[in-house]
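Remember, it's a predicted structure, so these values are computed and weren't measured experimentally. Naming: A, B, ... by sequence-line order, numbering from 1 per chain.
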Amino acid sequence: MKKIVLLFIAFLIVYEVNAAGKKVLMWSFAANNIAEWQERKADIEKKFNIELVIEQVAEQAFVQKLQAVMMDGKGVPDIIEWKIEQNQILNADPKKCFVYPLDKYVSKSNVFKNVVAGRVSWVKYGKSIYGLPHDVHPVVLIYNDTLWKSVGVDLAKIETWDDFFTAAQKLSVEKKDGKPLHYALPWSATMNDTMFMIWQQTGAQILDKTGKPTLNTPQFKEFVTKWIEWYKTGTVCAWDWGNFAALLKNGTLAAYASPDWWVPQVNEAASSGQYQFKVKSLPYYKKGGPQTASWGGTFLAIPKTAKNPDQIYKIMEYMQYDSSAIKVRYQKTEMLPPFASVWDDPLFKKEDKRFGGQKLGELQTTLAKKMPDVITGDLFWDVIFRDFGPNLSEIVSGKMTIEQALKVSQAAAEKRYKDAAKK
Amino acid sequence: MRIKINSSKILNAIVLIFLLIISIFYVYPILWLFDASLRPLIDIFQVPPALFSGSFEKMFGIYTFNSFINSFLNWGTGIALINSVLVTCSSIILTVFVCSLCSYAFAFMNFPGKKIIFIFILSTMMLPLATMIAPYYRVLQKLGLTNKLIGLIIPYAAYPLGVFLLKQYFIKIPVSLIEAAKIDGAGYFRIWLRIIMPLSKPALAAFAIIQFKEVWNDFLIPMIVLRSGSLFTLPIKLQLMDSQTFNKPYDAIIATGFITAIIPIIFFLIFQRYFIEGLTGGIKG
């Protein structure tokens, strides 16, 4: 008996030695987030007795590389960090999905229940949850109060987008060389940015619950019609990524819909002191509806070839939702964690000098709780970007009517859906 | 007094002006990239560009090397540049060696299945890259060549376009030269080295330029093969800089972009006279 016990102890020691320092490979495309993972690497390694190897894979080759290594079976990551919107990795059909469904973990987790439902909808394909969201990215409206008030508009009192664009016409009266000196919103002639955010407020889904495209619904048509009407007011200008901060600073851009990661664009303009900036929730699309949206973001998931998904899930949950770490994340990046139980911390209720002492964090957390649900799927972004996007440009240029554009877009999206089903 | 007008000179002048205008479209992006790489971040995307502001102070007074310093110090552009140069130069040497030997065999030697093998090699050009990635990775993995620069250099050597281009050039070389060399006792390798290669300089230069462009700009294969940041090439670095989900380092991206763009241009300018000669000579045959 003594020998058996000794043998058992020896086995345990050997097992522990072998298990110690087990390599966990993580791939991420997001350089900003990698900085956080690198900073926390030692802590994560110590907590789980692993060696965490973080590799950056460019997003343009991410899916192809993942496919290649999964087919080969060597060098496969245990954790991947990927984009929450533009997604070919997740699939409503679990057999076609690159990653494990996490339902059996999240249903038992006391941590995951604190992740806001509106954000979970972005990683829920079909009936399963496939990822842990890193962020929530609630969208607010940041505006140049000085400019708007100079034309007699108090944006704080504006309730709906219809009211907003009516008021915006006062702002764009002043012109130079035939062009307005000030614009109400930036927009990049696609559904990628401002239009994408406002669309989420409409409740018109791009896909139905089975993953089929639904660009031909009356709700979506109504939204596109409204959007074109708003566009024709001449109050929107091009979304200029590189020049955004400068356009805010010189007053060309008088407002923008901003997720938390894009808020710092206002820093320079606000610190120059020339204008007073303010922040508010997005105007309603329809009164009583959602006053926010989400834009951008990442999630962590477990590729199906990972060998120890049970442990990997625990590691991922810690990486995403450790209370003290996500507070540091917010302090450093201004990115609000999707983890509602920490939002009562005074950190999220601070006055923000950039907005005359308004409490941006408090507004963001309030809005994040009411984040609208979005039905996503593997075709979601392709339908928006490839099937609808080019036809939207045709509407704007007057080459197509809204009806024609939606018909053509829906046909293209349905073909995409059928082709995907065959694969 | 009547001035004699030479109509062909006028036509030439019109053509020249037209070509100059067209060339602006090609040169301007490089010029903008160069100008932007020397400006502070806040001025990079100024509209209209500061270069056209009309004031000398605004145009050139604020030039700085900060973008390059940021790119090299914070983003590891220096190592990526060395890796790119190493991979590109090595692969050109190896590819020229392999493809010219292969083309030599197709041009001057007779062996069973020559035509079929040649067609088979050419047909591989038709395969889309996307379909080849997984098998490509698998082969490299089996050979232990993933995450190694040599794993990038060797596969480039099998380049069907190079075999085709050089073979077409080689068959224009008079067979009598080969026969004379054989009579003098030269073997296949000696003929290739002493006769074929010196006579094919334009074709080799053209091929080297094409290969330089392919390898230098290749992003997908290096990203699939490599894992360590210290081995990444310039196109990967550029994409990774652009992968910042917010606060993109536009200054470093532009400086790195300028370096990435200018080196192939310099390479082309050095060998351009061979390039035209080599391509026309090769294809006519």
Side-chain angles (χ1 to χ4, degrees), chain A residues 25 27-35 53-75 77 81 83-84 134-135 137 237-238 240-247 249-250 252 258-265 267-268 295-298 333-335, chain B residues 36 39-50 74-76 128-142 144 146-147 218-233 235-254:
Chain A
L25 177 62
W27 282 7
S28 173
F29 74 97
N32 310 66
N33 296 357
I34 286 176
V53 180
I54 302 160
E55 289 180 3
Q56 191 180 3
V57 179
E59 62 181 273
Q60 294 82 352
F62 197 97
V63 178
Q64 282 151 310
K65 186 165 180 168
L66 186 63
Q67 272 175 323
V69 297
M70 284 179 83
M71 283 171 81
D72 184 61
K74 300 255 171 67
E81 179 168 44
K83 297 169 130 181
I84 214 159
H134 172 264
D135 36 58
H137 295 329
C237 65
D240 187 343
W241 285 97
N243 215 23
F244 208 92
L247 293 177
K249 194 178 173 187
N250 67 22
T252 304
S258 177
D260 45 10
W261 54 269
W262 200 236
V263 170
Q265 289 295 312
N267 290 359
E268 204 170 325
W295 187 30
T298 66
T333 65
E334 293 196 41
M335 283 201 283
Chain B
R39 290 190 181 279
L41 185 57
I42 192 79
D43 285 337
I44 287 176
F45 297 103
Q46 199 175 309
V47 181
N74 300 324
W75 292 93
L129 182 62
T131 61
M132 291 159 64
I133 286 172
Y136 190 92
Y137 179 83
R138 184 157 205 157
V139 170
L140 290 176
Q141 176 73 32
K142 293 278 176 212
T146 53
N147 204 29
D218 196 5
F219 156 73
L220 190 59
I221 295 295
M223 188 71 258
I224 301 288
V225 173
L226 303 174
R227 293 200 305 273
S228 310
S230 60
L231 296 176
F232 286 166
T233 54
I236 299 180
K237 273 285 168 203
L238 264 176
Q239 297 287 4
L240 293 183
M241 287 180 192
D242 195 45
S243 291
Q244 289 272 114
T245 45
F246 57 94
N247 295 339
K248 286 184 196 281
Y250 286 111
D251 52 347
I253 291 174
I254 284 171

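When the candidates E268(A), Q67(A), Q56(A), K249(A) are compared by the number of heavy-atom contacts under 4.5 Å with chain B, Q56(A) comes out ahead. Contact count against chain B (heavy-atom pairs under 4.5 Å) is highest for Q60(A) among M335(A), M71(A), Q60(A), Q265(A). Most heavy-atom pairs under 4.5 Å with chain A: of the set I133(B), I44(B), L41(B), this distinction falls to I133(B).
With a 4.5 angstrom heavy-atom cutoff, I236(B) does not touch chain A via any of its atoms. Of the two parts of Y136(B), neither the backbone nor the side chain holds a non-hydrogen atom closer than 4.5 Å to a non-hydrogen atom of chain A. Neither the backbone nor the side chain of M70(A) comes within less than 4.5 Å of any heavy atom of chain B. Of the atoms belonging to E55(A), it is side-chain heavy atoms, and not backbone ones, that fall under 4.5 Å from chain B. Of the two parts of V53(A), neither the backbone nor the side chain holds a non-hydrogen atom closer than 4.5 Å to a non-hydrogen atom of chain B. Residue contact with chain B, scored on non-hydrogen atoms closer than 4.5 Å, involves the backbone and the side chain of W241(A) alike.
Looking only at atom types and distance, the side chain of N32(A) has no donor-acceptor partner in the side chain of T333(A) under 3.5 Å away. A donor and an acceptor atom, one from each side chain of N147(B) and S228(B), are located under 3.5 Å apart.
Side chains of L66(A) and V63(A) form no contact here, defined as non-hydrogen atoms less than 4.5 Å apart. Using a 4.5 Å heavy-atom cutoff, the side chains of V225(B) and Y137(B) are not in contact. Residues F29(A) and T298(A) form a side-chain contact, since some pair of their non-hydrogen atoms from C-beta on lies under 4.5 Å apart. Side chains of L226(B) and F232(B) form a contact here, defined as non-hydrogen atoms less than 4.5 Å apart. At a threshold of 4.5 Å between non-hydrogen side-chain atoms, the residues W261(A) and H137(A) count as touching.
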